[in-house]
2 protein chains.
Amino acid sequence: MIYGERMHEGLELKTIDRDRPFGYHCCMKNKDKNKLQMILHAVLSLTSTNDLVNLSISKIAAAAGISKSTVYVYFKDKEELLSKTYMYVKDLMDEGIAEVEAKHPDLDERIGAFIRHFVQRYQRYPKEAKFMEAVQTNPSVVSEEAHQYAETTAAPIYRAFEEIVGNPEFVQAPAYVYATFFSLPMKMAEINGTMTDSELDSIICMVLNAMKRR
Amino acid sequence: MIYGERMHEGLELKTIDRDRPFGYHCCMKNKDKNKLQMILHAVLSLTSTNDLVNLSISKIAAAAGISKSTVYVYFKDKEELLSKTYMYVKDLMDEGIAEVEAKHPDLDERIGAFIRHFVQRYQRYPKEAKFMEAVQTNPSVVSEEAHQYAETTAAPIYRAFEEIVGNPEFVQAPAYVYATFFSLPMKMAEINGTMTDSELDSIICMVLNAMKRR
């Protein structure tokens, strides 16, 4: 449970369970688990129409159908709530990328496999993907700890970018340029919800052609 | 004033003046011009922290420091207000692209020149660019007429995409794939506010490498 480690520390949780969002104590009551789930659903659905900066505990409580004071039982403020949500979402998105890294020593193949991984996750968890992007657009809404956690879960991606920057087969460009090209297929999958595997293969090929020297 | 044409019809305006936002009658009082400008500024600054779907005439009026009823003097509803703002912004962004098209018969060079044009506009008008993207993410907030107007101002871009799709030197891909690669440098200019000309040249080269067959 490598990706859950920091979350474990942060939330003092015993387990991370994908079907029951956020992590929680193994001895937590079902009532509490349900409330956390209601809060998570509220945050994710509010993100599709609200800017995170304007999101408030009041709005979240109203959307979850619980009182504001109940939200404060679980989270001390909006930053903590969004930070925990972000860590939960990053776990969901990045889970399995260490295995992808181990399976593909070849850099080109690995980039392709990472892109396929994220396109699948974005398609399976569109609200979570949108929330993640919203946080990354407004980084100040979550804690420094949450950002560090996100860097940990995404470590195999950062390692690939480092490898690209040092590889003479690739165009010389700053890391953010590679990162933007890398994120493009996920963007396209958002636009085209029914992207086929062969369309995705062509797009991956285009991304690699952009990154590699002629 | 080709790009102002539809705006002219829609707003019944005599002139479009870049320094005094929106268009207005030549006989319009200064008081009215100022109010329109205040409304425009309010919409653009609210867009950076508000979702367009949740934006209301009340919020716009409050941010502009005028009464709701004053806003209704100029715009019959939120859709009309956002539609006119969108048409104004599209004029600002697309102004000059017909000249770029005429100057570059070579398709590769033309794509590069379009990208340079838009990167400059995005850097010069970041709030307007953000508003434009917000409308394109939530197309239902503006009228069909506004979308048709936007297609008219961007006609040279659509023509370039058609040329790409029919050109055997380019990878076979649907138009939205090309459009997403094309928009990438503007995205990067948003991330990196101090992008140099030579960095932009490299990025344009990467975009063309992605689009063209090896």
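Values below: all heavy atoms of this structure, side chains included; hydrogens, waters and symmetry mates excluded. Letters A, B, ... are given to chains in the order of the sequence lines, protein chains preceding strands, and every chain is numbered from 1.
Annotation: maximal heavy-atom pairing with chain B below 4.5 Å, among A:V53, A:N138, A:L184, occurs at A:L184. The choice from B:A210, B:P174, B:S202 that makes the most heavy-atom pairs within less than 4.5 Å of chain A is B:A210.
Going from atom NZ of B:K187 over to atom OH of A:Y176 covers 13.5 Å, rounded to the nearest 0.5 Å. Residue B:R213 holds its CZ atom at 11.0 Å from CG of A:N209, rounded to the nearest 0.5 Å. The CD1 atom of B:I191 sits 4.0 Å away from the OG1 atom of A:T180 when rounded to the nearest 0.5 Å. Once rounded to the nearest 0.5 Å, the distance linking OG1 of A:T137 with CD of B:E190 reads 9.0 Å.
Between B:R214 and A:K212 the shortest side-chain heavy-atom distance falls below 4.5 Å.
B:D197 CG: 12 or fewer foreign heavy atoms inside a 6.0 Å radius.
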